Amino acid sequence: MATLSGCQLFTPASPAQQLMGTGDLGLIIERATGSVLVVNTSQHNRLGRIEGLGDLSHASVVYSRDGRYGYVFGRDGGLTKVDLLTRAVVNRVIQSGNSIGGAISQDGRFVAVSNYEPGGVKVFDSETLELVMDIPASYADAEGKTVQSKTVGLVDAPGNRFVFSLFDAGEIWTLDMADSEPVVRKFDAGKAPYDALITPDGRHYIAGLFGEDGLSMLDLWNPEQGVTEILPDYGKGEQKLPVYKMPHLEGWAIADGRAFFPAVGHHQVLVAKMDDWSLLDRIPVQGQPVFVMASPDNRQIWVSFAHPKNDVIQVIDSQSRKIIRTLAPGKAVLHMEFTPRGEEVWVSARDSNRVTVYSTRTLEPVATLDAEKPSGIFFTSRAHALGL
């Protein structure tokens, strides 16, 4: 297992000589260069760049419990552990041919990676990146042949569990890592689940379906009840869209007992009551939504959009359900991240090579940072949240 070193830039003194916590730090993916920026959210500055992380065209990050280490999941199957304080690569493994994200367990001991090729989930020791468990996503196809499914929607759940969906098999699996003998449970989930989320309390796992209308929900408090269908008309009558244009379920906003989420094929944000999942409202927006994210206080809903109208952000008031501001952060807006207490939100604009920081009180920009084709923004506050 090779150990790689990262490059350090921007830092006037040796990082090892500086004493700092990690609570206001984060990583910004630079997708075209296989690098990440280490940033300080309080000071609005870049602390350094870590290079050599491979294909980051669809990358995500989770954090160790102390927020010092980030685990970067690359599209090339790379799993890279980086140190935010020394701004260096600690370890890197190529664990598959094509991967699509990962999660860290509730106790911080395990890092799981969701793979397209070969289909399945691999679990690693978070300290050493040694392989702990390999779970092929095997199922019988229409001819009875055993094949492996792409896995998507991998999240952590309470009780030291992981939950993920099998795109080709149409199933949801749970992996219980609480005991010395891990336990896998399997549930039918509908046709072609393509992405998923877990509610902030860790109770409900919801998978979007590419092959049919509606969504599939698994109650993790009562898994013996199996998967139930919610919002049966979600996507109804729409032509199937390419996967890259499908909304991201992880970006759903859960606010004030309501779910705000992107419509499929419509320029709308939908609102549903979470007690019975009935549709409450449709909010017109300027394009096809991708991310619909709530501020930490749930007062604002920030919406990003798919190409070609992806150079703006719209802000919705969660009480009135009206658009209160349209912002222009730059070309090809890809991601947003709120600071831990929600006083600011950072927005990446890939084709403008910058990240813009907005005040959530004034909705005005307060800072900009240069970045090379920035995409995902991930702050260390994620270390203390479920399902991120």
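We number each residue from 1, following the sequence as shown. None of these values were measured; they are calculated from a predicted model.
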Completion exercise
The complete set of salt bridge (charged side-chain N to carboxylate O under 4.0 Å, His left out) pairs with one or both residues in residues 325-350, sequence neighbours excluded, reads R325-E364, E337-R382
Counting only pairs under 3.5 Å, give me each side-chain donor-acceptor contact of residues 55-62, with atom names and distances, residues two or more places apart or in other chains.
{"unit_1": "D55", "atom_1": "OD1", "unit_2": "S57", "atom_2": "N", "d": "2.9"}
{"unit_1": "D55", "atom_1": "OD1", "unit_2": "S57", "atom_2": "OG", "d": "2.8"}

Exercise for the section: Evaluate whether atom CD of E143 has more than 12 neighbouring non-hydrogen atoms of other residues, nucleotides or ligands under 6.0 angstrom away. Expected result: no
Handout entry: Test item: R65 side-chain N/O and Q106 main-chain N/O as donor-acceptor pair under 3.5 Å
Key = yes
Problem - Cationic N near anionic O, under 4.0 Å, D201 to R203 - result: no
Exercise for the section: Mark yes or no for whether T380, through its side chain, and R68, through its backbone, hold a donor-acceptor pair below 3.5 Å. Expected result: no
Exercise for the section: Considering only NZ, NE, NH1 and NH2 on the basic side and carboxylate oxygens on the acidic side, decide whether R299 and D317 come within less than 4.0 Å. Expected result: yes
Practice task
Flag yes if more than 12 heavy atoms outside E181 fall under 6.0 Å of its CD atom; otherwise flag no.
Solution key: no
Practice task
Name the orientation class of the two ring planes belonging to W252 and Y234 (parallel below 30°, tilted from 30 to 60°, perpendicular beyond 60°).
Solution key: perpendicular
Completion exercise
For G190 and P193 the tightest heavy-atom approach is O-CD, 3.9 Å
Practice task
Please answer whether the main-chain N or O of V227 pairs with a side-chain N or O of S216 as donor and acceptor at a distance below 3.5 Å.
Solution key: no
Problem - ILVMFWY cluster, V366 and V355 together (side-chain gap under 4.5 Å) - result: yes
Exercise for the section: Give a yes or no answer on whether the side chain of N298 reaches the backbone of S318 with a donor-acceptor pair at less than 3.5 Å. Expected result: no
Practice task
Examine I324 and V333 and state if one hydrophobic cluster contains both, with Ile, Leu, Val, Met, Phe, Trp and Tyr joined whenever side-chain heavy atoms are less than 4.5 Å apart.
Solution key: yes
Handout entry: Sole residue of Q148, K150, Q95 in side chain to side chain contact (heavy atoms under 4.5 Å, CB included) with N115
Key = Q95
Practice task
Would you confirm whether D83, through its side chain, and T86, through its main-chain N or O, come within 3.5 Å as a donor-acceptor pair?
Solution key: yes
Fill in the blank from the handout: Note: with side-chain heavy atoms under 4.5 Å as the link, the other cluster members for V183 come out as none
Handout entry: F378: partners by ring pair (Phe, Tyr, Trp, His ring centres under 6.0 Å), with sequence neighbours left out
Key = H335
Exercise for the section: Please report the closest heavy-atom contact between I50 and A88, naming both atoms and the distance. Expected result: CD1-N, 3.8 Å
Practice task
For the pair Y358 and W302, name the ring-plane relationship: parallel under 30°, tilted 30 to 60°, perpendicular over 60°.
Solution key: tilted
Handout entry: Side-chain cluster (under 4.5 Å, hydrophobic types only) that V132 belongs to, other residues
Key = F110, V121, V123, M133, I135, L154, F162, F164, L166, W173, L175, M177, V184
Practice task
Give me the ring orientation class for F210 and Y194: parallel if the planes are under 30° apart, tilted from 30 to 60°, perpendicular past 60°.
Solution key: perpendicular
Practice task
Check whether any side-chain N or O of S35 sits under 3.5 Å from a backbone N or O of E51 as a donor-acceptor pair, and report yes or no.
Solution key: no
Exercise for the section: Any pair with a residue in residues 66-96 that passes ring pair (Phe, Tyr, Trp, His ring centres under 6.0 Å), sequence neighbours left out, goes on the list, sorted by first then second residue, please. Expected result: none
Exercise for the section: Might you work through the salt bridge (Lys or Arg N to Asp or Glu O under 4.0 Å) test for D76 and R92, ending with a clear yes or no? Expected result: CA-CA 12 Å; D76 58 0; R92 174 172 166 80; 3.4 Å; yes
